Amino acid sequence: MIQERAILKVADNSGAKTIRCFRVLGGTRRRYARIGDVFVASVQVAEPRKALKKKDIVRAVVVRQKAPMRRADGSYVRFDENAAVIIDEKRQPKASRVFGPMPRELKEKGFESIITMAEEIV
């Protein structure tokens, strides 16, 4: 579960390395973002000579979370880190590659383009 002021690793090659969440989208009293939820963040650490710079405001989707997530079959899945992929206004990834495992729940939430670029689907 990702809340405001949470620091996340960026799992793509957009140029940002870490981002800080400052607003979870989807309602006025929404506190937490889970896998597949969109939030607004600012870039904290960026790679040099890339499109995104420090202090840029971006939208991102949560692709990995440390908190266990229950699946419909009763099993649980959790990851070692909190990670996100930066997206544009049309919910398409800004980057050309994504890194690390991605849960299959992202496809159900409408992020097929991220799943197609994934190295591994869990």
Side-chain angles (χ1 to χ4, degrees):
M1 297 188 315
I2 308 303
Q3 63 184 355
E4 292 180 8
R5 296 183 56 86
I7 303 262
L8 291 91
K9 182 179 174 184
V10 177
D12 61 25
N13 65 345
S14 61
K17 289 204 174 267
T18 60
I19 57 175
R20 181 188 302 262
C21 169
F22 67 83
R23 176 60 62 200
V24 178
L25 299 178
T28 55
R29 291 181 180 86
R30 186 98 186 265
R31 289 190 184 190
Y32 305 110
R34 293 173 180 83
I35 289 179
D37 291 342
V38 178
F39 63 95
V40 182
S42 66
V43 177
Q44 298 292 299
V45 178
E47 294 178 19
R49 298 174 296 281
K50 293 280 185 152
L52 291 177
K53 307 291 181 216
K54 187 176 177 180
K55 299 182 183 176
D56 282 354
I57 305 300
V58 295
R59 285 186 184 220
V61 61
V62 180
V63 295
R64 291 192 287 272
Q65 69 179 13
K66 283 186 177 182
M69 180 185 61
R70 184 181 164 92
R71 289 191 163 159
D73 63 356
S75 64
Y76 287 88
V77 63
R78 71 180 209 168
F79 297 93
D80 291 336
E81 63 188 359
N82 296 322
V85 170
I86 295 174
I87 58 174
D88 59 11
E89 296 81 28
K90 298 177 206 158
R91 295 169 60 111
Q92 298 298 315
K94 282 192 177 181
S96 58
R97 293 177 62 200
V98 294
F99 307 114
M102 302 287 159
R104 63 176 173 257
E105 284 81 7
L106 284 175
K107 188 171 186 179
E108 299 163 8
K109 300 269 183 125
F111 294 101
E112 292 90 6
S113 54
I114 293 175
I115 290 294
T116 58
M117 293 192 295
E119 301 170 353
E120 179 182 1
I121 299 168
V122 178

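Bear in mind that the values here come from a model prediction, so they are computed numbers and not experimental data. Here, residue 1 is the first one in the sequence, and each next residue gets the next number.
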Check: Val24 and Ile2 side chains under 4.5 Å, non-hydrogen atoms: no
Gln65 side chain reached by Arg34 side chain, heavy atoms, under 4.5 Å: yes
Shortest non-hydrogen contact from Ser14 toward Ala95: N-CB, 3.7 Å
Close side-chain approach of Lys94 and Ile87, heavy atoms under 4.5 Å: no
Heavy-atom side-chain proximity of Asp37 to Val61 below 4.5 angstrom: no
Sole residue of Arg23, Arg30, Arg31 in salt bridge (Lys or Arg N to Asp or Glu O under 4.0 Å) with Glu4: Arg23
Any Pro101 side-chain heavy atom under 4.5 Å of Glu119 side chain: no
Side-chain heavy-atom pair Pro103, Ile121 within 4.5 angstrom cut-off: no
Neighbour count above 12 (heavy atom, 6.0 Å) for Asp80 CG: no
Other residues, nucleotides, ligands: >12 heavy atoms within 6.0 Å of Lys9 NZ: no
Test log, rule side-chain contact (heavy atoms from CB on, under 4.5 Å), inputs Leu52 and Ile86: CA-CA 10 Å; Leu52 291 177; Ile86 295 174; 3.4 Å; yes
Salt bridge (Lys or Arg N to Asp or Glu O under 4.0 Å) partners for Arg91, two or more places apart: none
Asp88 side-chain N/O to Pro93 backbone N/O, donor-acceptor pair under 3.5 Å: no
Closest contact, heavy atoms only, Ala16 versus Val43: CB-CG1, 3.9 Å
Spatial distance of atom CZ (Phe111) from atom OG1 (Thr116) [nearest 0.5 Å]: 13.0 Å
Single-linkage hydrophobic cluster, 4.5 Å side-chain cutoff, Val63 and Met1 together: no
Neighbour count above 12 (heavy atom, 6.0 Å) for Arg71 CZ: yes
Same apolar cluster: Val10 and Phe22, side chain cutoff 4.5 Å: yes
Stepwise side-chain hydrogen bond (donor to acceptor under 3.5 Å, both in side chains) test for Asp56 and Ser42: CA-CA 6 Å; Asp56 282 354; Ser42 66; over 6 Å; no
Closest non-hydrogen atom pair between Ala84 and Leu8, with its separation: CB-CD2, 4.1 Å
Sub-4.5 Å side-chain heavy-atom contact between Glu89 and Arg59: no
More than 12 heavy atoms from other groups under 6.0 Å of NZ on Lys53: yes
Electrostatic pair Lys107:Glu112 at N-O distance under 4.0 angstrom: no
Separation of Arg20 CZ from Arg5 CZ (nearest 0.5 Å): 5.0 Å
From Glu108 atom CD to Ile115 atom CD1, the distance as rounded to the nearest 0.5 Å: 9.5 Å
Heavy-atom pair of closest approach, residues Tyr76 and Pro68: CD2-CB, 4.1 Å
Taking every non-hydrogen atom, the tightest pair across Val98 and Ile114: CG2-O, 3.9 Å
Separation between CD1 of Ile35 and NZ of Lys109, rounded to the nearest 0.5 Å: 8.5 Å
Any side-chain heavy-atom pair of Ile7 and Ile19 under 4.5 Å: no
Backbone of Phe99 reached by a side-chain donor or acceptor of Asp12 within 3.5 Å: no
For the student: nearest non-hydrogen atoms of Ser113 and Gln92, plus distance: OG-OE1, 3.2 Å
Test item: side-chain donor near acceptor, Gln44 and Thr18, under 3.5 Å: no
Pair Lys17 + Glu47: basic N to acidic O under 4.0 Å: yes
Derivation of the side-chain contact (heavy atoms from CB on, under 4.5 Å) call for Val62 and Tyr32: CA-CA 11 Å; Val62 180; Tyr32 305 110; over 6 Å; no
